[in-house]
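This report refers to the structure that appears directly beneath it.
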Amino acid sequence: MANYKGSREAAACAMRERAAKDKRILFISPDSLKAMRATDFAAEYPDRCVEVGIAEQQAVAAACGLASTGLIPVVGTYGGFLSMRACEQVRTFIAYPRLNVKLIGINGGIYGGEREGVTHQAFEDLGILRSIPGITLLTPADENQVYQAAKAMFDIDGPVYLRCASGKERIAYEDPDTPFLFGKNRVVKDYGTDAVIFCSGFLMPRAMEAAERLKAEGVLVTLADVSTLKPLDREGTAEQLKRCGAAVTVEDHNIIGGLRSAVAELAACETPAYVIPVGLKDIFPSSGAAEEAADFYGMSVKDIMEAAREAKRRKKG
């Protein structure tokens, strides 16, 4: 069994394991070896670790050059820096020529900014990258799913962005060997059709608790894990929207551009349904302990429950 603690270590562990089997894999660090928990990778594969310093644009540009020769470079650092500071390089030099570069963005959402605040919290990263053609976006629910997703991303030909947090995230799936479902939503709870809760990322334990507590009060929901935000499981998402008629989206991200937008866009085009968002309400959050900050900014279990009740009310109305 792999040994790791937290999503960053899980991603680094999977990268190291795959590198042992595939000599094409290398890591490019924009001064992120410690933040990425990749020091063991550098020690084990010093000839496959490139340090460029605090220069995210250069890291991505270097990855593009290496990928063009048939190598599989991984760039890992804070998700905000990859999606914003190096946005042009990701768009023009990775996505446009569809190069096989893997991006690991850490400190995703409020769970990632306990000490560093807005500059290091990535709560726009998915919205930015989702608008760029051809990038696969993976949003696993816990560290074990990150480990599985990080291994799976090397089997995808083309650019991939894997979202991690800081190590404060909770375990969603008790079985660490629960497979990662690429491109498909996983139905985690199926209690009824009062509403469907779509959850993407590390708020999944909260969504699970909300579904259980809602059941106890007679609100019967279906809970789906959207672990691949792009390409979205259009068939599975549309099926649940049609079946339930109302939805709640739960994400540690701005409600603009991420999961809420993806589900609402699909609903508007294929199967009209109410979509109630739970996430960051288009504001800049402050630093704070992960659990307390998520509660403060409207992503608590109670917030998810109230959103489900509201979805049910709107459907009946």
Tell me the closest heavy-atom pair linking [X] and [Y], and the distance in Å.
X	Y	value
Tyr161	Asp125	OH-OD2, 2.7 Å
Ala14	Ala150	CB-CB, 3.5 Å
Cys164	Phe202	C-CE1, 3.6 Å
Leu99	Phe93	CD1-O, 3.1 Å
Glu17	Ala2	OE2-CB, 3.7 Å
Ala10	Tyr147	O-CD1, 3.7 Å

Say you draw a straight line from [atom1] of [X] to [atom2] of [Y]; how long is it, rounded to the nearest 0.5 Å?
X	Y	atom1	atom2	answer
Lys184	Glu235	NZ	CD	5.0 Å
Lys168	Asn107	NZ	CG	11.0 Å
Ile304	Thr249	CD1	OG1	10.5 Å
Lys316	Lys312	NZ	NZ	4.0 Å
Phe154	Asn100	CZ	CG	9.0 Å
Ile171	Gln145	CD1	CD	10.0 Å

query: Only one of Leu26, Ile72, Val101 clears side chain to side chain contact (heavy atoms under 4.5 Å, CB included) with Leu66; which?
result: Leu26
Okay, side chain of [X], backbone of [Y]: is any donor-acceptor separation there less than 3.5 Å?
X	Y	result
Ser68	Gly65	yes
His253	Leu259	no
Thr228	Lys230	no
Ser83	Leu129	no
Arg163	Leu137	no
Glu169	Gly167	yes
Lys102	Leu162	no
Lys315	Asp194	yes

task: Using the ring of Tyr4 (Phe, Tyr or Trp, six-membered ring only), decide whether Arg37 places NZ or CZ under 6.0 Å from its centre and within 45 degrees of its axis.
output: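 Because its charged atom misses either the 6.0 Å distance or the 45° angle limit, Arg37 does not stack over Tyr4.
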Connected via hydrophobic side-chain network under 4.5 Å: [X] and [Y]:
X	Y	answer
Ile132	Tyr96	no
Ile28	Leu103	yes
Val52	Leu33	no

query: Going by atom types only, do Glu251 and Ser200 share a side-chain donor-acceptor pair under 3.5 Å?
result: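 Side-chain D/A pair, Glu251 to Ser200: absent.
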query: Just by distance, with hydrogens left out, do Thr178 and Asn144 show a side-chain donor and acceptor under 3.5 Å apart?
result: no
query: Counting only heavy atoms not in Arg91, do more than 12 sit closer than 6.0 Å to its CZ atom?
result: no
query: Under a 4.5 Å cut-off applied to non-hydrogen side-chain atoms, are Asp282 and Asn254 in contact?
result: yes
- request: Return the set of residues passing side-chain hydrogen bond (donor to acceptor under 3.5 Å, both in side chains) with Arg243 (not counting sequence neighbours), or none when no residue passes.
  value: Asp190, Thr222, Gln240
field: All salt bridge (Lys or Arg N to Asp or Glu O under 4.0 Å) counterparts of Arg206, not counting sequence neighbours
entry: Glu291, Asp295
- request: Mind telling me whether Phe81 and Tyr78 have parallel, tilted or perpendicular rings, with 30° and 60° as the class edges?
  value: perpendicular
Show every donor-acceptor pair shorter than 3.5 Å between a side-chain atom in residues 265-272 and any protein atom, with sequence neighbours excluded, or say none if there are none.
residue, atom, partner, partner atom, Å
Glu265, OE1, Arg130, NH1, 3.3
Glu265, OE1, Arg130, NH2, 3.4
Glu265, OE2, Arg130, NH2, 2.9
Glu270, OE2, Arg234, NE, 3.4
Glu270, OE2, Arg234, NH2, 2.7

message: Check this for me: does any side-chain nitrogen of one of Arg18 and Asp155 sit under 4.0 Å from a carboxylate oxygen of the other?
response: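 Between Asp155 and Arg18 there is a salt bridge, with a charged N closer than 4.0 Å to a carboxylate O.
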- request: Output yes when Glu306 and Lys302 qualify as a salt bridge under the 4.0 Å nitrogen-oxygen rule, no when they do not.
  value: no
